[in-house]
Amino acid sequence: MLDIRFIRENLDLIEKMLSQRQMTFDLSAFKSLDEKRRLLIKRTEDLRAERNSLSQTIGKKKKENSAELEIEQIKQRVNEISEEIKTLETELSDIENEHRQLILSIPNMPHNSVPIGKSSEDNVVVRTYGEPKKFPFEPKPHWELGEKLDIIDFQRAGKLTGARFSILKGHGAKLERAIINFMLDLHTSKHGYIEMLPPFIVNKESMTGTGQLPKFAEDLFKLENWDYYLIPTAEVPVTNYFRDEILPEEKLPIYFTAYTPCFRAEAGSYGKDTKGLIRQHQFDKVELVKFVHPEKSYDELEKLTQDAERVLQELEIPYRVVVLCTGDLGFSSAKTYDIEVYLPSYNGYKEISSCSNFEDFQARRMNIKFRPKGSNKTEYIHTLNGSGLAVGRTLAAILENYQNEDGSITVPKALRKYMGGIEIIN
RNA sequence: GGAGAGAUGGCCGAGCUGGUCUAAGGCGCACGCCUGCUAAGCGUGUGUACCCCCUAAAGGGGUACCGAGGGUUCAAAUCCCUCUCUCUCCGCCA
């Protein structure tokens with residue numbers, strides 16, 4: 001959410017931003033609605049002020065034992081005002097609702113270092129790590145490797161649930177667990193994050209706080225008969241942890257990491273990545289979340305991205321980092337780096353982590369502030385998050401990058417102690 | 001699931017037989033004074049959101065907010081209803 005006054009005073013900037021994000025938005029509707037709203041507020045508030053002062057007068061007159069008739073006349077007048085207020089209030093509440101929905105559906109302003117572009121094709125590669133391995137044989141995609149080794153079962157998952165679900169079995173399940181533990185240990189012991197295991201179900205307020213609602217309801221799984229949703233990412237419960245709180249400045253920055261399954265309906269993704277583990281309705285992810293001082297948030301974004309990259313470095317898997325252009329940038333984000341892992345089955349790179357600085361966009365929605373030293377005023381903090389990493393895609397990347405000619409998988413050195421010393425899956 | 005108690009500003013905490021509540025008091029914080037230093041003391045100021053006026057800046061006025069939403073009333077932190085959450089006890093349960 002952007003500041004209302006900022007929107008009002010910078011409509012031309014907003015318009016430019018929206019077109020850079022490839023979005024259409026009726027700003028003139030906002031303008032007239034905003035003016036109407038302010039006019040109505042003024043009128044109702046003036047009437048309320050009159051009612052309040054008349055009511056006080058009645059209290060005083062009663063104490064002074066004034067004439068009943070006089071008091072009755074004032075009551076009569078107040079009743080008339082109240083009627084008028086009631087009419088205006090219904091009108092106003094409709095307008096307030098519409099106004100709020102409009103503001104909540106305006107995306108964040110991109111940082112000025114974000115390249116301008118139309119789509120993911122205009123994203124800019126920032127750095128590349130490692131060289132894609134040259135296989136002396138034809139490498140297989142992870143879904144073939146996984147099924148042959150009987151460590152991933154897509155068929156029966158379809159029976160149990162439906163499309164875009166999978167079952168990990170035996171060493172596949174163990175590898176998933178190993179990856180999760182490896183990532184959590186790395187971030188807690190080397191990067192200073194505090195581990196959290198949050199609820200996997202949250203309410204509407206939390207979804208609104210991080211920006212999934214009201215705009216992206218169709219991407220979420222909602223529980224029947226409850227106003228609760230399955231989380232699409234740990235970002236939602238972890239970032240909302242401090243909703244409606246004022247944090248002491250000396251506590252900043254605060255780093256959290258959390259493993260959770262993630263549930264995504266992804267209404268708009270039919271036909272994309274239909275094979276394998278890449279796009280599932282349920283997948284595991286280790287998330288990184290930061291609450292930081294506004295002046296430090298861009299330094300923190302660089303550090304957070306490096307923390308996520310470190311996972312792939314330790315696993316010795318090639319990747320590259322791209323900065324998303326305005327047309328590909330997420331709704332709430334001011335700047336995002338994607339980490340893309342090398343996948344032989346794609347003959348290229350695939351997103352495995354998305355690291356974003358939301359500046360005060362989420363903090364304003366969630367009302368998370370801090371009190372700067374030497375000031376009585378509060379300010380919004382900045383929030384960031386990034387995957388550290390998507391576990392399913394990491395497993396896929398390991399299978400594909402560590403495959404041998406006979407279809408067996410060499411376990412990356414960093415994971416062996418989490419795999420009970422197993423060096424080869426076959 | 002049953003019975004009871006509670007939710008008030010950054011924090012603690014009074015008010016809860018409706019009308020100077022314009023939410024006491026304390027702590028914390030900020031500024032100033034005082035004191036060789038420190039501690040203590042004294043004074044002043046300190047919530048959020050929105051709207052209006054004024055503006056270079058400062059400032060001034062108003063409305064709403066005492067867990068959330070309704071209701072009664074000229075007037076609600078205070079009375080009534082519904083809901084949420086927390087705590088205590090009982091029941092059930094991995």
Side-chain angles (χ1 to χ4, degrees), chain A residues 1-9 30-104 197-209 223 225-229 237 240-252 254 291 360-361 363-381:
Chain A
M1 182 165 71
L2 298 171
D3 183 64
I4 302 178
R5 269 162 302 190
F6 175 83
I7 298 171
R8 198 144 59 213
E9 286 160 20
F30 170 82
K31 207 177 163 192
S32 67
L33 193 70
D34 187 59
E35 278 164 12
K36 209 164 161 189
R37 170 176 171 268
R38 284 196 285 164
L39 217 82
L40 266 174
I41 288 175
K42 179 85 181 108
R43 267 164 64 198
T44 48
E45 287 188 351
D46 286 349
L47 285 171
R48 283 204 197 111
E50 194 181 346
R51 178 170 69 182
N52 288 347
S53 87
L54 285 175
S55 286
Q56 273 183 11
T57 312
I58 292 175
K60 264 185 218 149
K61 298 251 180 209
K62 280 208 166 176
K63 264 191 187 153
E64 293 162 7
N65 285 318
S66 296
E68 276 294 317
L69 184 70
E70 190 185 355
I71 291 172
E72 278 307 315
Q73 277 171 345
I74 300 174
K75 279 191 190 179
Q76 192 56 41
R77 171 71 190 130
V78 176
N79 275 331
E80 285 166 26
I81 293 171
S82 290
E83 280 301 304
E84 199 176 342
I85 290 175
K86 220 165 192 176
T87 320
L88 290 174
E89 270 174 350
T90 30
E91 197 181 340
L92 182 60
S93 98
D94 287 350
I95 286 175
E96 286 278 19
N97 267 331
E98 206 180 326
H99 190 258
R100 183 174 164 75
Q101 294 304 311
L102 262 171
I103 285 178
L104 285 177
L197 189 68
F200 303 159
I201 297 174
V202 298
N203 58 28
K204 195 189 344 184
E205 288 70 30
S206 297
M207 285 295 186
T208 307
L223 298 194
N225 300 327
W226 290 77
D227 219 359
Y228 288 170
Y229 299 80
N240 275 279
Y241 183 77
F242 287 124
R243 175 147 50 88
D244 291 320
E245 293 192 31
I246 297 171
L247 308 173
E249 184 180 29
E250 61 272 17
K251 272 204 172 176
L252 300 177
I254 297 168
F291 303 85
D360 64 4
F361 190 83
R364 184 174 282 112
R365 283 175 169 238
M366 279 184 288
N367 194 25
I368 305 179
K369 300 183 166 186
F370 75 101
R371 195 181 298 278
K373 266 197 211 76
S375 165
N376 278 326
K377 284 274 165 221
T378 55
E379 264 182 63
Y380 290 112
I381 54 132

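From a predicted model like this one, the values you see are computed outputs, not experimental measurements. In what follows, every chain begins at residue 1, and chains take the letters A, B, ... in the order their sequences are listed.
- For the P atoms, the distance linking B:C80 with B:G19 amounts to 15 Å, nearest Å.
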Query - Pairing annotation in dot-bracket form, given for RNA chain B with Watson-Crick or G-U pairs under 3.5 Å and | for cross-strand partners - result: ((((((((.[[[..)...(.....]]]((((((.......))))))(((((((.....))))))).[[[[[..)....]]]]])))))))....
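- If you take atom C1' in B:A77 and the same atom in B:A7, they sit 12 Å apart, rounded to whole Å.
- The separation of B:G60 from B:U72, taken at their P atoms, amounts to 38 Å, rounded to a whole angstrom.
- The salt bridge (charged side-chain N to carboxylate O under 4.0 Å, His left out) search around A:Glu84 returns none, not counting sequence neighbours.
- For A:Asn97, there are no side chain to side chain contact (heavy atoms under 4.5 Å, CB included) partners two or more places apart in sequence or in a different chain.
- Across B:C65 and B:C54, the matching C1' atoms stand 27 Å from one another, rounded to whole Å.
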Query raised in the report: With the sugar-phosphate defined as primed atoms, P, OP1 and OP2, and the base as all remaining atoms, what B/S/- string results for nucleotides 50-80 of chain B, 5' to 3', for protein heavy atoms under 4.0 Å?
Result: BBS---------BBS---------BS-----
Under 3.5 Å, N/O pairs linking protein and nucleotides 7-13 of chain B:
unit_1: B:G10; atom_1: O4'; unit_2: A:Arg371; atom_2: NH2; d: 3.1

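- Between A:Lys61 and A:Glu70, at least one side-chain nitrogen of the basic residue sits less than 4.0 Å from a carboxylate oxygen of the acidic one, meeting the salt-bridge criterion.
- Comparing A:Thr57 and A:Lys369 along RNA chain B, the residue whose closest nucleotide (by nearest heavy atom) sits nearer the 5' end is A:Thr57.
- For the C1' atoms, the distance linking B:A57 with B:A49 amounts to 24 Å, nearest Å.
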Donor-acceptor pairs under 3.5 Å, side chain of residues 43-51 of chain A to any protein atom, not counting sequence neighbours: which ones?
unit_1: A:Thr44; atom_1: OG1; unit_2: A:Leu40; atom_2: O; d: 3.0
unit_1: A:Thr44; atom_1: OG1; unit_2: A:Ile41; atom_2: O; d: 3.0
unit_1: A:Asp46; atom_1: OD1; unit_2: A:Lys42; atom_2: NZ; d: 3.2
unit_1: A:Asp46; atom_1: OD2; unit_2: A:Lys42; atom_2: NZ; d: 3.4
unit_1: A:Arg48; atom_1: NH2; unit_2: A:Glu89; atom_2: OE2; d: 2.9
unit_1: A:Glu50; atom_1: OE2; unit_2: A:Arg77; atom_2: NH2; d: 3.2
unit_1: A:Arg51; atom_1: NH1; unit_2: A:Ser82; atom_2: OG; d: 3.3

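- Between the P atoms of B:A56 and B:U46, the separation comes to 26 Å (whole Å).
- Rounded to whole Å, the distance from CE on A:Met1 to P on B:A49 is 11 Å.
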